[in-house]
Amino acid sequence: MTLYDEFRYPGKFYPQASPERMATLATLFGARPAPVDHCRVLELGCGEGGHTIPLAYALPQSQFVGVDLSEASIKRARELAARLGLNNAEFRALDLTQFPADAGTFDYIIAHGLYSWVPEAVRQAVLEVCGKHLAPDGVVYVSYNTYPAGHLRQIPRDLMRFHTRHISDPATKVREARNILEFVISAIPQPTHERELLKRELAVYKKSDAFVFFDPLSETSDPFYFLDFMEQAAAHGLQFVAEAEIQNMRTAHLVENVRRQLDAMTDRLLREQYLDFINWRGFRQTILCRAGHDLDLTLVPERMEWLMIMCSMKPVQPIADLNSAEKVEFRDFYAHTVTVEEPLPKAVYLELGERFPRAVRYAELRERACRRVGLDGGHLEVETEAKLIRMLVSSYANGVAEFHVYQGPFCTEVSERPVASALARIQAEAGTPVTSLYLAGFTMEDSVLRRLLPLLDGTRDHAQLLSDLRQCVNGDQEVTAETMGKALKTLAAYGMLMG
């Protein structure tokens, strides 16, 4: 019996911890990982399969193994996998310190929300499993709490644990933990740094009861310095590749003299450690591979050929002449904006925006964008292509574009009888975050979207969908054919539709 048997933590899909993201980053830094659509994946601490099951659903030719100590969580994972008819996902209830030696090797190993929250013996078992069972070209993802922000988070953690030390009921414990934070915040005169710290933590803790119970209130919740974690990883034959959220590695936002000094550092690990201090980082999601691989941080055109790019940027106003020096503002799906004045970057964003949510292979993108501005994409000058690559990498590092090595099939057009992903329909009905077929997660807060999605099983035409949707909404808001049409197009843009 574990705490997870008493208090559910359903979990969800984490795009940054997917084999596709891991493979993309490994490829970006010069490795050649296994194809994600034909690979073997292990998730340590899989819980109820909230992460593993969406992967197995989206990648039916790959094999997945999820392990967790909680038998109740494993039972729920098996039930959902069976409901979806998945035959490529296996779930086992076991102690990681007794991980079977004959389990074979895995191309990708995932340990999200585990390393900082387990005793030292289990922590060492996580890295030992990675060291022994990672394929030669395999990639590992490990998330963990970090210093220096870990020092600050210890203050509300100590307060909450002290106040609830005699409470055994999980729901009561969580409620009282939040209450004591609110009480202390109200007692501290404003404005003070201490008050702001507690307010920020309380805002995070209001999002999920399970997160409060299993993170700040847990018996173990240990932060580490990045260099200390990497020392432990190196002892098991692993080396640093990148952070899963590559934006956390960038230095462009820093003042010039600081950026120059950091970029001049030849020791990547030391540079990352200083970035943690500069950014007051409290959480890392680290990508590792086997030691001995010669990683190459210089992006060359040949390596870009392995990548696909996805971006939802569209011009705010129509562009009269791509080749003019006129500045053009682009806005993406998430309301991020960039301003561009050079012809080729304008053409790149136009091409990507028109293809979104499809990703475009670099070679095709280069060819089509160049054609728009009268250049020969097959014979670009070296400096012009280098500039194009820098622009794309900068867009990726700043969260404007995404790099991919794989994108599964989904429909971008709405059919007469729309069919949504079976997994997305189940998730929407359960009220949990919804996973798209291009492996992105959405909270789906819009009630029309969430109520429409479970209806998309291919049995209803648009007229029947509208009638049934109106019954689901039940007077909460008016639903017109136009409202539903927009919702269907949004779901298509989210990558939810299969037909």
Side-chain angles (χ1 to χ4, degrees), residues 15-16 18-39 107-108 134-141 238-252 263 265-266 268-269 271-272 285-311 344-345 347-349 351-352 355 358-370 375-408 438-439:
Q16 70 275 21
S18 74
E20 203 281 325
R21 176 74 63 87
M22 297 159 71
T24 297
L25 287 165
T27 300
L28 192 64
F29 286 91
R32 292 305 306 268
V36 297
D37 53 342
H38 288 82
C39 66
D107 300 300
Y108 300 93
L134 185 67
D137 292 317
V139 187
V140 174
Y141 165 102
L238 304 171
Q239 69 171 328
F240 179 66
V241 176
E243 280 300 295
E245 300 280 9
I246 200 168
Q247 296 92 334
N248 292 329
M249 299 176 66
R250 68 188 184 97
T251 59
D263 291 347
M265 288 184 178
T266 57
R268 291 185 71 212
L269 302 188
R271 177 184 182 275
E272 287 295 311
Q285 301 169 96
T286 297
I287 305 296
L288 306 163
C289 70
R290 285 207 174 278
H293 283 290
D294 291 326
L295 300 178
D296 183 0
L297 310 186
T298 305
L299 263 181
V300 294
E302 291 76 18
R303 200 182 314 151
M304 288 296 294
E305 303 283 353
W306 304 335
L307 299 172
M308 296 184 287
I309 299 95
M310 185 171 78
C311 176
L344 190 53
V348 166
Y349 283 138
E351 189 67 36
L352 290 170
R355 302 288 288 277
R358 299 278 183 200
V360 186
R361 288 210 168 272
Y362 170 73
E364 182 184 353
L365 175 63
R366 179 187 59 205
E367 178 64 36
R368 295 175 69 95
C370 284
L375 294 173
D376 183 355
H379 297 87
L380 268 186
E381 293 181 1
V382 172
E383 181 51 40
T384 302
E385 182 155 26
K387 194 171 183 179
L388 171 61
I389 291 173
R390 286 197 298 271
M391 172 255 181
L392 290 171
V393 172
S394 176
S395 296
Y396 179 44
N398 287 289
V400 171
E402 297 177 16
F403 284 0
H404 295 278
V405 292
Y406 171 82
Q407 189 171 79
Y438 60 78
L439 293 176

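Quick note: residue numbers are just sequence positions, from 1.
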Test item: [X] and [Y] side chains (from C-beta on) under 4.5 Å apart, heavy atoms:
X: Ile246; Y: Leu28; result: yes
X: Val348; Y: Ile309; result: no
X: Arg271; Y: Asp263; result: yes
X: Tyr349; Y: Val400; result: yes

Going by the rule salt bridge (Lys or Arg N to Asp or Glu O under 4.0 Å), which residues pair with [X] if we only count those two or more places apart in sequence or in a different chain?
X: Asp294; result: none
X: Arg366; result: Glu305, Glu385
X: Glu302; result: none
X: Arg361; result: none

Listed by chain and number, what are the side chain to side chain donor-acceptor pair (under 3.5 Å) partners of [X], not counting sequence neighbours?
X: Glu20; result: Thr24, His404
X: Glu364; result: Arg355
X: Tyr141; result: His112, Gln285
X: Thr384; result: none

(Q) Determine whether Glu245 and Arg21 satisfy the following criterion, side-chain contact (heavy atoms from CB on, under 4.5 Å), listing intermediate values before the conclusion. (A) CA-CA 9 Å; Glu245 300 280 9; Arg21 176 74 63 87; 3.9 Å; yes
Q. Between the side chain of Gln239 and the main-chain N/O of Arg290, is any donor-acceptor distance below 3.5 Å?
A. yes
Locate the shortest heavy-atom distance separating [X] from [Y]; write the atom from each residue and the value.
X: Asp296; Y: Arg303; result: O-NH1, 2.9 Å
X: Arg268; Y: Leu295; result: NH1-CD1, 4.4 Å
X: Gln407; Y: Ala359; result: OE1-N, 2.9 Å
X: Asp137; Y: His293; result: OD1-CE1, 3.1 Å

Between [atom1] of [X] and [atom2] of [Y], what distance do you get to the nearest 0.5 Å?
X: Leu388; Y: Met304; atom1: CG; atom2: CE; result: 7.0 Å
X: Met249; Y: Leu25; atom1: CE; atom2: CG; result: 8.5 Å
X: Leu380; Y: Ile389; atom1: CG; atom2: CD1; result: 9.5 Å

(Q) Taking the basic N atoms (NZ, or NE/NH1/NH2) and the acidic carboxylate oxygens, is any pair closer than 4.0 Å for Glu383 and Arg390? (A) yes
Q | Contacts of Ala135 that satisfy side-chain contact (heavy atoms from CB on, under 4.5 Å) - sequence neighbours left out | A | Thr105, Asp107
Q. What pairs with Asp376 under side-chain contact (heavy atoms from CB on, under 4.5 Å), at least two apart in sequence or on another chain?
A. His379
**Q.** Derivation and outcome, side-chain contact (heavy atoms from CB on, under 4.5 Å), residues Val360 and Met310
**A.** CA-CA 6 Å; Val360 186; Met310 185 171 78; over 6 Å; no
(Q) side-chain contact (heavy atoms from CB on, under 4.5 Å) for Leu344 and Lys387? Distances and angles first, verdict last. (A) CA-CA 10 Å; Leu344 190 53; Lys387 194 171 183 179; over 6 Å; no
Q. With Tyr406, which residues qualify under ring-ring contact (aromatic ring centres under 6.0 Å, His included), at least two apart?
A. none
Per-pair distances, 0.1 Å, donor-acceptor, side chain in residues 31-39, under 3.5 Å, sequence neighbours excluded:
none

Q: Only one of Tyr396, Phe29, Tyr362 passes ring-ring contact (aromatic ring centres under 6.0 Å, His included) with Phe403; say which it is.
A: Tyr396
(Q) Using the rule side chain to side chain contact (heavy atoms under 4.5 Å, CB included), only one of Leu134, Leu288, Ile287 pairs with Val139; which is it? (A) Ile287
